[in-house]
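To start, the structure itself, in structure tokens.
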Protein chains: 2
Amino acid sequence: MKILIIEDDLSFQEILRRTLEQERYIVEVAPDYRTGLFKLSDYTYDCILLDINLPDGNGLNLLRELKEMKKTGSLIIISARDSIEDKVEGLDLGADDYLAKPFHLAELLSRIKSVMRRNNHGGEQYVSYGNVKVNPHTFDIWVGDTKQELSRKEFDLLLYFIQRPNRLVSKSMLAEAIWGDHFDDVDNYDFIYAQIKNLRKRLTAWNASIEIASVYGMGYKLIEN
Amino acid sequence: MKILIIEDDLSFQEILRRTLEQERYIVEVAPDYRTGLFKLSDYTYDCILLDINLPDGNGLNLLRELKEMKKTGSLIIISARDSIEDKVEGLDLGADDYLAKPFHLAELLSRIKSVMRRNNHGGEQYVSYGNVKVNPHTFDIWVGDTKQELSRKEFDLLLYFIQRPNRLVSKSMLAEAIWGDHFDDVDNYDFIYAQIKNLRKRLTAWNASIEIASVYGMGYKLIEN
DNA sequence: TGAATGGTATGAAGATTCTCATTATCGAAG
DNA sequence: CTTCGATAATGAGAATCTTCATACCATTCA
């Protein structure tokens, strides 16, 4: 589940990010209107948290643009002022929910869940890139029309990449996200090399249209070929 | 790290509990003065979150009793009213910090960390029961005077038990805490049986004074023998 | 262009973890 | 006290994951 936070108060943004990441969401952040729009033109997020008060424009405009772009995904408005007009206008423009600051983080989490549940009406949740399609919950993997299997670590790895297609992924990111606390700062990444090797072997064996490219000195990137 | 929450507002208590558990603390809760005192007489917690306004007495009294009991561990006062008197009195009575509602959860987390850091001045952090002593951070294990080693899962298992000595631990608790999401609701617990077996073999080989007892139909319990 | 350096890849060995089939144990019911 | 169904324990084997030694490749600098 990918969530985009558009919020200019950086410390609050940080709190949101950490909370959501603890809940295992994949989080991206944008500090302003422009960055938010840029990110949205590139990717589709499962949920967007949009602050109304942005330094470079009113968030409601962004909402209008999104509507034009016919982007799917849920959107929750966050607003410092608890104004009825904003709320009504926001919901009219297609927002799924409205939350006035300050709010409890637990409140936000439950809103996110309910909004996403509502929008999927219990449907399938797949993440895909190229001809590879992955269900984070059922662990199903489809390559073209054939179903495939992976071991746990290989699956985690593939999911992590496929949720960030075409992005640079460092080894320390992988270590922290997939191996956890004890591996987030080690002196060698042999265990990653080993799993990357295995996953690559699978992808080519499956004739997947995607591959894990190395970026020398930086990490890896999932690309379409 | 074990934390005790003494708080009568149950929904708020729940929010705290969930947040702290996400941060990997071991959390216990008490809804009132009496229960809190009872729990404190049994165990020593690394940190206590104490609400001042309790249905059956003022939390400051509990603080006085704790002082008499010479309990170690950090204590953070939580108060609905941001009253200077409470704050001063609480800190005088040995509380380590004071937090007025409402507060951001991230704020609480950072206070907890700083308070605990301050109180241990970077010292060793061991959890022990019987002649077994475990360091959750360095993964050191001491049985009497000899240092021992365990595999990762075995260590996690031992730590989980030793943090809850003499308490009933169900298999689903273990599955969720040690194996995570994917194993929290499965139809067989063979993987737990296997690890329990290995851990038991180690404990007896080490002449540990503790053992994992089975509780038929319920789970396990770490006892001293 | 050609070392030299450090990052990355690989197969195989080793360790750990899980699964399976089987056996043992418990507690309730007769 | 015995039997029976359910729960738990066990050893062995399979699958998975990590480590190791070695080979390969990209970049830099002479």
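- If you measure from atom CZ of A:F191 to atom C1' of C:dT10, you get 17 Å, rounded to the nearest angstrom.
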Under 3.5 Å between N/O atoms: give me all the protein pairs with nucleotides 10-14 of chain D, atom names plus distance.
residue: D:dG11; atom: N7; partner: B:K197; partner atom: NZ; Å: 2.8

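- A donor and an acceptor atom, one from each side chain of B:S214 and B:R200, are located under 3.5 Å apart.
- Summarising the geometry, the separation between CG on A:N198 and C1' on C:dG11 is reported as 11 Å, rounded to the nearest angstrom.
- Between the B:D96 side chain and the B:L75 main chain, a donor and an acceptor come within less than 3.5 Å of each other.
- One interatomic measurement links the two molecules: CG of A:N188 to C1' of C:dT10, which rounds to 14 Å at whole-angstrom precision.
- At least one side-chain nitrogen or oxygen of B:K171 sits closer than 4.0 Å to the OP1 or OP2 atom of D:dA8.
- One can place CG of B:L199 at 12 Å from P of D:dA9, the figure rounded to the nearest angstrom.
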Please output the side-chain donor-acceptor pairs of residues 216-225 of chain B that fall under 3.5 Å, not counting sequence neighbours, one pair per line with the distance.
residue: B:N225; atom: ND2; partner: B:E211; partner atom: OE1; Å: 2.6

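- For C:dT25, the OP1/OP2 oxygens have no side-chain nitrogen or oxygen of B:S214 closer than 4.0 Å.
- Other residues, nucleotides and ligands place more than 12 heavy atoms under 6.0 Å from the CZ atom of B:R167.
- Between the CG atom of B:D8 and the CG atom of B:L54 there is a distance of 5.5 Å, given to the nearest 0.5 Å.
- Between the CZ atom of B:R152 and the C1' atom of C:dC18 there is a distance of 16 Å, given to the nearest Å.
- One N or O on the side chain of B:Q13 and one on the backbone of B:E7 form a donor-acceptor pair closer than 3.5 Å.
- Of the residues in residues 216-225 of chain A, those with a non-hydrogen atom less than 4.0 angstrom from any atom of DNA chain D are A:Y216.
- Under 4.0 angstrom from either OP1 or OP2 of D:dT18 there lies at least one side-chain N or O belonging to A:W179.
- Looking at the side chain of A:S151, the nearest of the listed nucleotides D:dT18, D:dT16, C:dT17 is D:dT16.
- Atom CG in B:L174 sits about 12 Å away from atom P in D:dA8, given to the nearest Å.
- For the salt bridge (charged side-chain N to carboxylate O under 4.0 Å, His left out) test, residues two or more places apart in sequence or in another chain that qualify with A:R202 are A:E154.
- In this structure, A:N135 and A:W142 have side chains that are not in contact, with every pair of non-hydrogen atoms separated by 4.5 Å or more.
- Side-chain atoms of A:K133 do not come within 3.5 Å of backbone N or O of A:Y126 as any donor-acceptor pair.
- Counting only heavy atoms from C-beta outward, the side chains of A:W206 and A:T146 never approach each other to under 4.5 Å.
- In this structure, B:T35 contributes its side chain and B:A30 its backbone to no donor-acceptor pair below 3.5 Å.
- For the ring-ring contact (aromatic ring centres under 6.0 Å, His included) test, residues two or more places apart in sequence or in another chain that qualify with B:F155 are B:F139.
- A stem is defined here as three or more consecutive Watson-Crick or G-U pairs, each with both distances under 3.5 Å; for DNA chain D these stems are C:1-30 with D:1-30.
- One atom, NZ of A:K153, and another, P of D:dT16, lie 13 Å apart when rounded to the nearest Å.
- Following rounding to the nearest Å, B:R202 (CZ) and C:dA15 (C1') show an atom-to-atom distance of 11 Å.
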